[in-house]
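Below: one structure, written as structure tokens.
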Amino acid sequence: MLSVTETPQPESVVTRPGKHFPLGATVETDGINFTLFSQNATAVHLCLYNAENPAQEIARITLEERTEFIWHVFVEGLQPGQLYGYRVEGQYDPKNGYLFNAHKLLLDPYAKAINAPVNADNTQLGYNYRSDSDERILDMNDEDSGPTAPKSVVISDDFDWEGDAPPAIPLNETVIYEMHVKGLTWQHPGIDDSIRGTYAAIGTPETIDYLKKLGITAIELLPVHQFTNESYWGYNSIGFFAPQNTYSASGMMGQQVTEFKQMVKNLHQAGIEVLLDVVYNHTAEGNQYGPTLSFRGIDNRSYYRLVAQQPEYFMDHTGTGNTFDTTQSGALQVVMDSLRYWASEMHVDGFRFDLASALTRDEADAGRVSSFLDVVAQDPILARVKLIAEPWDIGQYNVGGFPVRWAEWNGRYRDAVRAFWKGDEGKAYELSCRVLGSPDFYANDGRGPTNSVNFVIAHDGFTLHDLVSYNEKHNDANGEDNNDGSNDNVSWNHGAEGPTDDPAINDLRERQKRNFLATLLLSQGTPMFMMGDEYGRTQQGNNNGYNQDSKLNWFDWNWTSTQQRQFDFTSQLIALRNALPLLRRRYFYGHDQIVWFRNDGQAMTTADWENGNTRCIGLLIDGETVGEKNHDGSVIGEQNGQPERLLLVFNSFWEDLPFRLPGEGITWQVLLDTATGEVGTDGVRDEGGSDVQIPARATVLLRVVSYAHTGRY
């Protein structure tokens, strides 16, 4: 075995200096150009491996050239499929944040594919444990990780996109479906066993037909950047350019890239966009006791935020042990290059940034706009894609704080809608703001309702079914004594914890699920819901299934009649949203465009909003006074030559309430009633000025169908 101080180049390996750009491994006609950024390294070695025996290093090449902190070499004769990694020399001085250890084989941060699952083991630890001290990182571990470490794969970029073009669906017409690659198809009875749980399975007609029938316009994939195996969800990335190889049915030697591209192409042909949940805020290398897989060994100080006075420790704004430092040029460049690669080469349509606030932090100047936001704002490639921030990290909550270019996961929407339908006091006013697209967060600075990505359920937390079935989390299966996951779920079991045979409780739970879905899909803004909520998927009360590669997380395709009815309701509700442009527009302004009514037919007053017992409110939207025009000059939402007028009533009270319909002489038709689950254009008709019964805990949507009277309300 070669020692790390020896760097022989076999006579059969012919090299030349090469170029310092682009970063990564670039295939040319006569070989491959390799580049690696490291500001503080003293030497860099390229290690080559054969696919037939990836445990055996066959050549080690010293990169003699360095340009602008980028080490580079060109190796003649190499072709796509070549396995490689790096060994990087420099100071091993943990007290000062230097963790170079050339005994560790490192993944290329720009690797487009990785040849094996990334399963961290003790050989990848850069330090030795010491029995006589708590300072476990003082001694360098000189065990070679090369034989077991995963390797980077040089790939060919050849793929026939056949003129693929992005669907480019406007945000106001977008309905997002958050989903897991494996979870959706792992149990699909109509898909061949050999491809279940893979990119190929997502791209099959069976899956695409299902998504089309449901009516969503975009899938948002839980992380697919290469991650380590301890998390089913994938929120521990280590390869920002490489598709997760365990989601590939066709192989891990670059085939995962082709398979991903084919999935995107198939979805685009069906008019469905592909959004990626990306985790740039931290990596899988953890804190100072984590493995040395890539960035830590390449240049720890250039990639991670370290505690200024104690740089042996990592700043942890993410709850995972480290925080990626996008204030530094090398770290910022790898993030931006990754985004551009996925948008331009992989044809994805947008990104949801996990814990995005961590990317914008600037400890040196907390008041300035971050360099990350500056760079994103001017990037021409990213100008065409959707950018969605999770606007918080473990230390700051920043809903409404991202620039105009960004949409945001609106956690305030989730909390307000849950609390209102739970029956909490004093939630009517906040619900009204959220239903209107949260103008208190997004109006008056160039943003609009679609900047608010509205959601009630996401991957982390209860499913929709569990939200109405459990008061408390039940995370025992996670192996953490139920200490993980949030204790603040704003949930209600409606009288029994978990499954019950009580028909009254089950009926109310179904109604409440319809209320949540109706509120979500009838609100202004960009709606998102979670895979399986359309039929009532349960995690049996587990609100943090991050490590559950089991039925708790898998989509169940065997539905009861009740679950089928919920799917039908959800699909019809999406279609109803699409048919009503007044639900997908810019902010309303003034009493002429909208009116909030209390149930006696009088307009809401400040006192009504401040009354904690107000639980039944109605929103009237008048298309005539909104006055927005289609391209042909007709009024948006116009029906039979008349402007659309809608009335949306929310009743979270536990009893039926009379509601006086506005507009004498106007005929209203019911389009939706969550008490019955009916959605359509053949609903009951009632006259304006009359009292109608709004069922307990129900949402009702009505539309004007007769305009005998056109006066105000």
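All values below were derived from every heavy atom in this structure, side-chain atoms included, with hydrogens, water molecules and symmetry-related copies excluded.
- Checking Glu610 against Tyr429 by side-chain atom types alone, no donor-acceptor pair falls below 3.5 Å.
- Minimum interatomic distance between Arg418 and Val456 (heavy atoms only, all atoms of both residues): NH2-O, 2.9 Å.
- The side-chain heavy atoms of Asn553 and Trp186, taken from C-beta on, include no pair separated by under 4.5 Å.
- Aromatic ring orientation, Tyr535 versus Trp559: parallel (interplanar angle below 30°, classes split at 30° and 60°).
- Atom CZ of residue Phe462 and atom CE of residue Met530 lie 15.0 Å apart, to the nearest 0.5 angstrom.
- Within 6.0 Å of NZ on Lys427 lie no more than 12 heavy atoms contributed by other residues, nucleotides or ligands.
- In plain terms, the two heavy atoms of Asp440 and Cys433 that are nearest each other are OD1-CB, 4.1 Å.
- Taking CZ from Arg703 and CG from Leu646, the interatomic distance works out to 7.5 Å, rounded to the nearest 0.5 Å.
- Geometrically, Arg585 engages Phe588 in a cation-pi contact, judged by NZ or CZ lying under 6.0 Å from the ring centre and within 45° of the ring axis.
- No side-chain donor-acceptor contact under 3.5 Å links Arg645 to the backbone of Leu620.
- Although no hydrogens or angles enter the test, the distance criterion places a donor-acceptor pair under 3.5 Å between the side chain of Thr560 and the main chain of Gln563.
- Here the side chains of Met179 and Glu220 are not in contact, with every heavy-atom distance at 4.5 Å or above.
- Without hydrogens or angle criteria, Arg584 side chain to Thr450 main chain gives no donor-acceptor distance under 3.5 Å.
- Side-chain polar atoms of Gln539 and Thr463 form no donor-acceptor pair below 3.5 angstrom.
- A donor-acceptor contact shorter than 3.5 Å is absent between the side chain of Thr207 and the backbone of Thr204.
- Side-chain atoms of Asn506 and Glu510 include no donor-acceptor pair closer than 3.5 Å.
- In this structure, the side chains of Trp392 and Val399 come closer than 4.5 Å at one or more pairs of heavy atoms.
- Among all heavy-atom pairs drawn from Leu672 and Ala518, the shortest one is CD2-CB, 3.9 Å.
- Looking only at side-chain heavy atoms (C-beta outward), Gln602 and Phe597 stay at 4.5 Å or farther from each other.
- The CG atom of Leu431 sits 12.0 Å away from atom CG of Asp424, with the distance rounded to the nearest 0.5 Å.
- For Phe516 and Phe455, the ring centers are positioned 6.0 Å apart or more.
- Expressed to the nearest 0.5 Å, how far CG of Asn599 lies from CE of Met604 amounts to 9.5 Å.
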Please report, to 0.1 Å, the donor-acceptor pairs under 3.5 Å made by any side chain of residues 568-577, with sequence neighbours excluded.
residue	atom	partner	partner atom	Å
Asp568	OD1	Gln564	NE2	2.9
Thr570	OG1	Gln566	O	2.8
Ser571	OG	Lys213	O	2.7
Arg577	NH1	Leu521	O	2.9
Arg577	NH1	Ser523	O	3.0
Arg577	NH2	Gly525	O	2.7

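- Across all their heavy atoms, Gln187 and Asp556 have their closest contact at NE2-CA, 4.1 Å.
- You'll find the ring centres of Trp409 and Phe353 outside the 6.0 Å limit.
- How far CG of Asp686 is from CG of Asp691: 10.0 Å, rounded to the nearest 0.5 Å.
- Contact of the Trp421 side chain with the Trp492 side chain is not registered, since no non-hydrogen atoms from C-beta on lie closer than 4.5 Å.
- Judged purely by atom type and a 3.5 angstrom limit, Ser706 has no side-chain atom pairing as donor or acceptor with the backbone of Thr667.
- Separation of atoms CG (Asp277) and CZ (Arg352) is listed at 4.0 Å; rounding is to 0.5 Å.
- The aromatic rings of Trp609 and Trp596 sit perpendicular, their planes meeting at an angle over 60°, well past the 30° parallel limit.
- Of the N and O atoms on the side chains of Trp406 and Glu408, not one donor lies less than 3.5 Å from an acceptor on the other residue.
- Residues Gly203 and Met263 approach most closely at N-CG, 4.1 Å, considering heavy atoms.
- Aromatic rings from Trp233 and His180 are positioned such that their centres are separated by 6.0 Å or more.
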Give every donor-acceptor pair under 3.5 Å between a side-chain atom in residues 267-275 and any protein atom, sequence neighbours left out.
residue	atom	partner	partner atom	Å
His268	ND1	Asp164	OD1	3.0
His268	ND1	Asp164	OD2	3.1
His268	NE2	Asp349	OD1	3.3
His268	NE2	Asp349	OD2	2.7
Glu273	OE1	Lys386	NZ	2.7
Glu273	OE2	Ala168	N	3.4
Glu273	OE2	Ile169	N	3.1
Glu273	OE2	Lys386	NZ	3.1

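- Close placement of the Tyr210 and Phe555 rings is indicated, their centers lying within 6.0 Å of each other.
- Between the side chains of Ser452 and Asn454, at least one donor N or O sits under 3.5 Å from an acceptor N or O.
- In summary, the aromatic rings of Trp342 and Phe260 are positioned with their centroids under 6.0 Å apart.
- Listed for the Asn489 side chain is no donor-acceptor partner under 3.5 Å among the backbone atoms of Ser491.
- A side-chain donor-acceptor contact under 3.5 Å links Arg509 to the backbone of Asn493.
- The shortest heavy-atom contact between His494 and Val468 is ND1-O, 3.0 Å.
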Worked verdict on Glu206 versus His188 for side-chain hydrogen bond (donor to acceptor under 3.5 Å, both in side chains)
CA-CA 9 Å; Glu206 290 81 2; His188 196 304; over 6 Å; no
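- Here the side chain of Arg685 pairs no donor or acceptor atom with the backbone of Val705 at under 3.5 angstrom.
- When only modelled atom types and interatomic distance are considered, Asn410 and Ser438 share a side-chain donor-acceptor pair under 3.5 Å.
- Side-chain polar atoms of Tyr470 and His465 form no donor-acceptor pair below 3.5 angstrom.
- At distances below 3.5 Å, not a single donor-acceptor pair connects side-chain atoms of Asp354 with backbone N or O atoms of Tyr235.
- Thr538 and Asp466 are linked by a side-chain donor-acceptor pair at a separation below 3.5 angstrom, with hydrogens and angles left out of the test.
- Remark: the backbone N or O of Phe650 is not paired with any side-chain donor or acceptor of Thr699 at under 3.5 angstrom.
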